[in-house]
Amino acid sequence: NSVDYTNAVERLYGDKGKKIKDKLLNKNPELKKDPKALAVAVHQEIKNQLQKNKAALARQDDGIREYVERQVYNGKTFE
């Protein structure tokens, strides 16, 4: 089962993936030797960014924020 990882990042994630790939390669040039490890690293970074975006959106939602404050702080909110 041979998978070709050549240009996998660009094919999967487009320009956004290329920017992340370049950033990761600047931090760790060794990734260039292993295209599979590079693709996995880019995928992980994209997952991390998506998770951060979800958390930021949830914080902006008043209903979600109030629910979390009630659950965590025993019914008290900070408004």
Side-chain angles (χ1 to χ4, degrees):
N1 227 0
S2 179
V3 177
D4 181 19
Y5 289 97
T6 307
N7 297 325
V9 170
E10 289 85 355
R11 288 183 288 154
L12 289 170
Y13 301 111
D15 289 337
K16 183 176 183 176
K18 184 173 177 357
K19 289 177 186 176
I20 292 171
K21 178 184 91 168
D22 292 341
K23 187 174 95 174
L24 290 172
L25 286 174
N26 283 336
K27 286 182 183 177
N28 184 2
E30 291 293 312
L31 285 172
K32 193 167 191 152
K33 295 178 184 177
D34 187 357
K36 181 178 179 181
L38 180 59
V40 169
V42 170
H43 177 73
Q44 190 61 44
E45 180 61 28
I46 286 179
K47 280 177 47 179
N48 291 342
Q49 287 181 4
L50 288 172
Q51 185 62 31
K52 287 178 187 175
N53 289 344
K54 282 185 199 176
L57 288 173
R59 277 189 224 101
Q60 292 174 356
D61 186 311
D62 291 335
I64 292 173
R65 191 180 67 248
E66 287 175 15
Y67 172 78
V68 170
E69 287 176 352
R70 274 191 243 105
Q71 296 299 312
V72 174
Y73 302 109
N74 218 12
K76 298 174 187 169
T77 61
F78 292 99
E79 289 190 15

Visitor: Starting at NZ of Lys19, measure out to NZ of Lys16 and round the result to the nearest 0.5 Å.
Guide: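 The NZ atom of Lys19 sits 10.0 Å away from the NZ atom of Lys16.
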
Visitor: If you look at every heavy atom in Val9 and Ala39, which pair is closest and at what distance?
Guide: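 The answer is CG2-CA, 3.9 Å.
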
Visitor: Can you list the residues that meet the side-chain hydrogen bond (donor to acceptor under 3.5 Å, both in side chains) rule with Asn26, with sequence neighbours excluded?
Guide: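 Scan of Asn26 (side-chain hydrogen bond (donor to acceptor under 3.5 Å, both in side chains), adjacent residues dropped) gives none.
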
Visitor: Of all residues at least two apart in sequence or in a different chain, which pass the side-chain hydrogen bond (donor to acceptor under 3.5 Å, both in side chains) check with Lys18?
Guide: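 For Lys18, the residues satisfying side-chain hydrogen bond (donor to acceptor under 3.5 Å, both in side chains) (neighbours in sequence not counted) are Asp22.
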
Visitor: Roughly how far, to the nearest 0.5 Å, is the CG atom of Leu12 from the CG atom of Asn7?
Guide: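 Going from CG on Asn7 over to CG on Leu12, the span is 10.5 Å.
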
Visitor: Taking Ile64 as the starting point, is it possible to reach Leu57 by hopping between hydrophobic residues whose side chains are less than 4.5 Å apart?
Guide: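 Leu57 does not cluster with Ile64.
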
Visitor: Hey, does Lys21 have a side-chain heavy atom less than 4.5 Å from the side chain of Leu38?
Guide: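 In short, these two side chains touch, coming nearer than 4.5 Å.
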
Visitor: Spell out, yes or no, whether Val3 and Val40 are grouped together once hydrophobic residues are joined by side-chain heavy atoms under 4.5 Å, including indirect joins.
Guide: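 The answer is no; the residues belong to distinct hydrophobic clusters.
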
Visitor: Shortest non-hydrogen contact from Leu25 to Lys32?
Guide: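 Heavy-atom minimum between the residues: CD2-N, 3.5 Å.
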
Visitor: Measuring from Leu24:CG to Gln44:CD, what's the distance to the nearest 0.5 Å?
Guide: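 Taking CG in Leu24 and CD in Gln44, the distance rounds to 10.5 Å.
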
Visitor: Rounded to the nearest 0.5 Å, what's the gap from OG1 on Thr6 to NZ on Lys36? Could you check?
Guide: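 Rounded to the nearest 0.5 Å, the OG1-NZ separation comes out at 14.0 Å.
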
Visitor: Output the distance between atom CG (Asn48) and atom NE2 (His43), rounded to the nearest 0.5 Å.
Guide: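 Reported to 0.5 Å precision, the distance equals 9.5 Å.
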
Visitor: Keeping to residues at least two apart or across chains, list the side chain to side chain donor-acceptor pair (under 3.5 Å) pairs with something in residues 52-61.
Guide: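 Counting only pairs at least two positions apart or across chains, no side chain to side chain donor-acceptor pair (under 3.5 Å) contact touches residues 52-61.
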
Visitor: Determine whether Tyr13 and Val42 make a side-chain contact, defined as any pair of heavy atoms from C-beta on separated by less than 4.5 Å.
Guide: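 Side chain of Tyr13 against side chain of Val42, heavy atoms only: contact under 4.5 Å found.
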
